[in-house]
Amino acid sequence: MESNQIIQFVSDGFDRAKAGNALEVYASVVQFHDDRALPLTSHYPFGWIIYYALHQSPAHAIRERKQMLARYLQLSVAKPHKLHSMILTEAFRLYKDASDVAFTGRNKAGFDPVTDSTRFSIVKFAGLWNLSNLRPGDWTRKEHDGKELPSTVEKLITHYVDELYTARIPASEDFMEIVRRALAEYPGSANLYAQCAQLHELAGDKGSAIEMLRNAILASSAKFYLWSRLAALITDSSSLRLKVSLLHRALSCPGQDDFKGKIHLSLAVALADGGAFPQARWELGYVKELYVKNDWNLPRLYRETEKKIPSGTGSEDPSSVYRKLEHLADDFIYESLPWIPVRKTYHKPASETTDRYGNRKPVQTAWRVTDVSGNNYWFNPSRHGIPDNLPSDTPLTIKVFGGKVVKACLNS
């Protein structure tokens with residue numbers, strides 16, 4: 001086929017690929033690329049054909065999609081460009097699918113997630129893609145059905161940090177520069193703070209990791225895994241009481257009990273290390289019951305903790321211990337924020353609402369409170385243990401992070 005015929009063939013194929021036949025079109029064009037017969041003029045439309053083929057490929061086609069991405073990187077196309085960014089989003093999808101394959105295949109005989117051909121590194125791909133090719137549009141969040149979606153950059157950071165943390169590899173300075181810009185671009189993002197904490201942990205900077213997790217909790221205190229991660233960074237033997245308080249706070253957050261078995265085990269370890277053996281025995285009993293119920297193998301840490309407890313030690317509910325320590329977690333998180341005196345200035349009656357799936361959400365009363373400078377803040381009083389029917393002009397003090405009330409109490 002002559003060059004002008006190939007150009008026309010690829011151009012016609014672009015429309016068919018966009019219409020949903022990308023895999024067929026890709027198969028008919030790829031040989032021209034591999035034989036180095038693809039005219040330079042056709043690199044750009046072939047790049048889009050590769051994108052549509054990636055997008056239309058099934059999740060299990062890991063090897064085939066890796067080959068498509070490799071061929072795309074060999075093309076001479078304009079960068080930065082929308083096409084280049086769209087290819088990056090397909091690399092995200094491939095990374096997730098490949099990670100799922102690695103997770104499900106871990107227990108299969110002969111499966112090695114490090115050398116297996118289905119493995120895909122978003123870190124290596126991003127290096128070849130070149131992070132300097134990020135466009136302004138890649139930093140923009142979009143909306144879908146009234147919900148704000150993460151930007152391409154936020155997705156990149158999520159997958160990139162996941163791989164670094166799994167492999168225990170410190171981040172490059174180029175990537176850290178993107179993360180620092182993201183912190184300024186998306187203030188108050190709990191996910192971003194948590195990811196920064198992981199990066200600081202990998203760099204050996206535990207103090208900064210703790211501070212980032214405190215920020216993450218201030219931005220979203222209802223996520224139990226944030227409290228659990230923070231507790232894991234508290235390793236000083238003199239801080240065992242704080243560690244127990246943080247772990248107990250994690251248990252108090254919303255979430256299925258089956259996901260919290262490791263938190264109970266961590267509590268057992270901390271209690272045993274602090275000499276609270278009957279309470280540690282109680283937590284171990286809970287862990288064993290949960291694991292047996294789900295037909296899970298008890299972890300090695302369970303056995304190691306069990307050996308620390310003197311034989312003949314009875315089991316005692318640790319609730320009373322937790323009640324005495326529960327204030328330590330809040331103090332640790334909120335101590336750096338100043339108290340702001342305010343007064344209640346508006347009462348929005350409770351009304352039934354639904355989430356984005358159409359499910360009913362608990363009715364909530366909203367208060368507007370105002371400080372002496374005239375700044376207004378909205379919050380739900382019941383979340384802070386405050387009766388929602390108190391009159392206007394009720395005096396309170398609040399703590400604010402990222403423009404949101406994170407702690408409130410009535411004046412005594």
Side-chain angles (χ1 to χ4, degrees), residues 165 188-202 204-284 286-287 290 299 301-302 304-305 308 316-337 383-385 399 401-402 404-409:
Y165 198 73
S189 169
N191 287 338
L192 188 55
Y193 285 132
Q195 289 153 4
C196 286
Q198 290 177 301
L199 294 175
H200 285 303
E201 187 182 343
L202 289 173
D205 187 353
K206 190 169 73 170
S208 294
I210 289 173
E211 189 58 34
M212 281 295 168
L213 277 174
R214 288 170 72 172
N215 287 342
I217 291 170
L218 285 167
S220 185
S221 61
K223 295 180 178 179
F224 71 85
Y225 61 87
L226 295 177
W227 295 92
S228 178
R229 285 186 192 175
L230 180 56
L233 292 176
I234 306 299
T235 55
D236 190 337
S237 59
S238 65
S239 300
L240 274 175
R241 285 158 51 87
L242 172 60
K243 187 182 189 78
V244 169
S245 183
L246 291 168
L247 288 167
H248 178 250
R249 184 60 187 269
L251 290 182
S252 304
C253 292
Q256 295 183 29
D257 289 341
D258 284 1
F259 296 155
K260 298 179 179 179
K262 290 184 178 179
I263 299 175
H264 283 280
L265 181 54
S266 295
L267 274 167
V269 174
L271 290 166
D273 288 344
F277 297 121
Q279 291 79 10
R281 175 79 74 190
W282 190 95
E283 287 291 4
L284 285 180
Y286 181 94
V287 171
L290 176 66
L301 186 58
Y302 175 93
E304 293 174 351
T305 307
K308 295 179 182 179
E316 184 177 323
D317 189 333
S319 298
S320 61
V321 173
Y322 297 154
R323 281 195 297 271
K324 292 176 183 177
L325 302 179
E326 60 185 358
H327 69 282
L328 296 177
D330 275 1
D331 291 346
F332 185 72
I333 296 299
Y334 302 115
E335 64 183 356
S336 62
L337 298 176
R383 289 185 181 178
H384 302 273
K399 291 194 174 192
F401 180 80
K404 297 180 180 179
V405 175
V406 295
K407 193 171 182 62
C409 65

Which atom pair, heavy atoms only, marks the closest approach of Y302 to L284?
CE1-O, 3.3 Å
Give me the atom names and distance for the closest heavy-atom approach of A272 to A280.
N-CB, 3.7 Å
First locate atom CG of L271, then atom CG of L267, and finally report the distance between them rounded to the nearest 0.5 Å.
6.0 Å
Pairs satisfying salt bridge (Lys or Arg N to Asp or Glu O under 4.0 Å), at least one member in residues 250-271, at least two apart
D258-K293
Mind checking the NE2-OG spacing from H327 to S245? Nearest 0.5 Å is all I need.
7.5 Å
Got a list of side-chain donor-acceptor pairs under 3.5 Å for residues 218-234, not counting sequence neighbours?
unit_1: K223; atom_1: NZ; unit_2: N191; atom_2: OD1; d: 3.4
unit_1: W227; atom_1: NE1; unit_2: S221; atom_2: O; d: 2.8

Quick one: list whatever passes ring-ring contact (aromatic ring centres under 6.0 Å, His included) with Y322, sequence neighbours left out.
H248
Between CG of L247 and CG of L325, what distance do you get to the nearest 0.5 Å?
11.0 Å
In this structure, CD of E326 is separated from CZ of R249 (nearest 0.5 Å) by 9.0 Å
Please find the pair of heavy atoms, one from K399 and one from Y334, that lie closest to each other, and give the distance.
NZ-O, 2.7 Å
According to salt bridge (Lys or Arg N to Asp or Glu O under 4.0 Å), who are the partners of K308, at least two apart in sequence or on a separate chain?
D273
Nearest 0.5 Å, what's the CD-CG distance between Q279 and D317?
8.5 Å
Show me the donor-acceptor pairs within less than 3.5 Å that the side chains of residues 206-215 make with the rest of the protein, sequence neighbours left out.
unit_1: K206; atom_1: NZ; unit_2: T235; atom_2: OG1; d: 2.6
unit_1: S208; atom_1: OG; unit_2: D205; atom_2: OD1; d: 3.3
unit_1: S208; atom_1: OG; unit_2: D205; atom_2: OD2; d: 2.7
unit_1: R214; atom_1: NE; unit_2: F332; atom_2: O; d: 3.2
unit_1: R214; atom_1: NH2; unit_2: F332; atom_2: O; d: 2.8

Do you know which two heavy atoms are closest between L290 and G261, and how far apart they sit?
CD2-CA, 3.4 Å
For K407, check salt bridge (Lys or Arg N to Asp or Glu O under 4.0 Å) against everything at least two apart and list the hits.
D330
If every non-hydrogen atom of A270 is compared with every non-hydrogen atom of L240, which pair is closest and at what distance?
O-CD2, 4.0 Å
